[in-house]
There are 2 protein chains.
Amino acid sequence: MAGDQTGARKTRRPKQAGAYRVDQQIGFLLRQANQRHVALFAGLMGDKLTTTQWSALTKLQEIQPTSQNFLGRETAMDAATIKGVVDRLVARGYVATAPDPEDGRRLILSLTADGDAAIERNLDAARTVTDETLAPLTPEEREQLARLIRKIC
Amino acid sequence: MAGDQTGARKTRRPKQAGAYRVDQQIGFLLRQANQRHVALFAGLMGDKLTTTQWSALTKLQEIQPTSQNFLGRETAMDAATIKGVVDRLVARGYVATAPDPEDGRRLILSLTADGDAAIERNLDAARTVTDETLAPLTPEEREQLARLIRKIC
DNA sequence: CGTATTTTATTTGTATGCAAACGAATAGTG
DNA sequence: CACTATTCGTTTGCATACAAATAAAATACG
């Protein structure tokens, strides 16, 4: 019976000591926090704008004119996703598209006057959404949270 | 010209001093952080399980047998969403359904042996996903982040 | 110059995520 | 008991989100 000292433990379950609880994992918490933010956004913003539409709109105002894929990169959306978002913004008349004379592949995007007005109209609400989302936190905690999330992006 | 002292500022833009930058708002950061986690999850987990499927599976193991909508509440999914997730898990043979003899509306869910095996098979990977997601943070920062996110959920 | 690679945009398929509407069953109330 | 409200599950519609495949154009390179 030599060598049984370490071999006798058979199929001991948890590689780590503690039990696994999904709702304590960071992924679960991130999904939930994002859900709450999206809900606040939907409730406070007018014009039925979504979070991604708002991101595309405001980022476009910042960097226009620009190509569709580049706007996607700047707003953390892949090519397929940003296309859908832009299509809906174009359908609303908030964004205008034009071919790039210097690059036959590119689709150049810019804001329309309506798009500018939509941003102007909802900017205060957007700031309120951020405030409401962070309402349970102190100013120091808000800084902390932003700093930590930025580190894991 | 009385009363012009306060009325002369016309259309002054920013209600708040600083310019609005979407990519500095908490909502944008939460969406991005969630994206990174989902990407890590997809890359590290086997069996093509998604984050929500994994949540439903492990939470079901914890509280089974239970109704579909209750499982949804426990995993932060509304009725329409949890239905789709459960349907796919049933199609895979990970979850079994049965009518509730005491309540004609309820659909009782439980894990199958295959469902249990799938959890067992992926538990280490799931822990790795959490670790990798939090890799840029120190242990103290991880605690901080979890605490702060929990406060805004 | 011509070929290989990369970039840009598009399309399809799958999977959340929520609002809204619905029918069926249950619970609560007078 | 009858009426109302609530709950449960389902379905539809819309909007992300990404993988994978494709086509067209531009770039890199031998």
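Both backbone and side-chain heavy atoms feed into the values below; hydrogens, waters and symmetry mates do not. Source: prediction; values computed, not measured. Protein chains get the first letters and strands the later ones, always in sequence-line order, with residue 1 at the start of each.
Between the CD atom of A:E102 and the C1' atom of C:dT7 there is a distance of 16 Å, rounded to whole Å. Here the C1' atom of nucleotide C:dT16 and the CZ atom of B:F41 are 13 Å apart, to the nearest Å. Summarising the geometry, the separation between CZ on A:F70 and P on C:dT7 is reported as 14 Å, rounded to the nearest angstrom. As a whole-Å value, the separation of A:L71 CG from D:dT16 P is 13 Å. Atom-to-atom, CZ of A:R36 to P of C:dC18 comes out at 14 Å; the value is rounded to the nearest Å. Protein atom CH2 of B:W54 is 18 Å distant from nucleotide atom C1' of C:dT16, rounded to whole Å. Put simply, CG on A:D103 is 12 Å from C1' on C:dT6, counting in whole angstrom units. Atom pair A:K48:NZ and D:dT16:P shows a separation of 13 Å (rounding to whole Å applied).
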Pull out every protein N or O sitting under 3.5 Å from an N or O of nucleotides 17-24 of chain D, one pair per line with the distance.
residue, atom, partner, partner atom, Å
D:dA17, OP2, B:R31, NH1, 3.0

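Taking a 4.0 Å limit (strictly below) on heavy-atom distances, residues 61-69 of chain B does not reach DNA chain C anywhere. Applying a 4.0 Å cut-off to non-hydrogen atoms, the residues of residues 86-100 of chain B that approach DNA chain C are B:R88, listed by residue number.
Of the possible polar contacts, none joining the A:R121 side chain to the A:D47 backbone as a donor-acceptor pair under 3.5 Å is found. Using a distance-only test at 3.5 Å, with no hydrogens or angles considered, no donor-acceptor pair links the side chain of B:T75 to the main chain of B:S55. Judged purely by atom type and a 3.5 angstrom limit, B:R106 has no side-chain atom pairing as donor or acceptor with the backbone of B:D100. Distance alone, capped at 3.5 Å, places no donor-acceptor pair between the A:R31 side chain and the B:T51 backbone. Panel note: side chain B:D23, backbone B:F28; no donor-acceptor pair is recorded below 3.5 Å. A side-chain donor-acceptor contact under 3.5 Å links B:R36 to the backbone of B:T133.
Looking only at side-chain heavy atoms (C-beta outward), B:L57 and B:Q61 stay at 4.5 Å or farther from each other.
Summarising the hydrophobic clusters (Ile, Leu, Val, Met, Phe, Trp, Tyr; side-chain heavy atoms under 4.5 Å, direct or chained), the residues clustered with A:V38 are none.
Contact check, B:K83 against D:dT10: a side-chain N or O comes under 4.0 Å of OP1 or OP2. Phosphate proximity of C:dA24 to B:R106: absent, as no side-chain N or O sits under 4.0 Å from OP1 or OP2.
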Extract all donor-acceptor atom pairs below 3.5 Å that involve side chains of residues 82-90 of chain A and protein atoms in other chains or at least two apart in sequence.
residue, atom, partner, partner atom, Å
A:K83, NZ, A:D87, OD1, 3.3
A:K83, NZ, A:D87, OD2, 2.9
A:R88, NH1, A:G84, O, 3.2

Side-chain polar contacts of residues 63-72 of chain B - donor-acceptor pairs under 3.5 angstrom, sequence neighbours left out - could you list them?
residue, atom, partner, partner atom, Å
B:Q64, OE1, B:L111, N, 2.6
B:S67, OG, B:F70, N, 3.3

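Atom CD of A:Q24 has more than 12 neighbouring heavy atoms from other residues, nucleotides or ligands inside a 6.0 Å radius.
For B:L107, taking side-chain heavy atoms from C-beta onward, the closest of the listed nucleotides D:dT10, D:dA15, C:dT16 is D:dT10.
Cluster membership check: B:M45 shares its hydrophobic cluster with B:V95, using side-chain heavy-atom separations under 4.5 Å among Ile, Leu, Val, Met, Phe, Trp and Tyr.
If you find the closest nucleotide of DNA chain D to A:T50 and to A:P101, the one lying nearer the 5' end belongs to A:T50.
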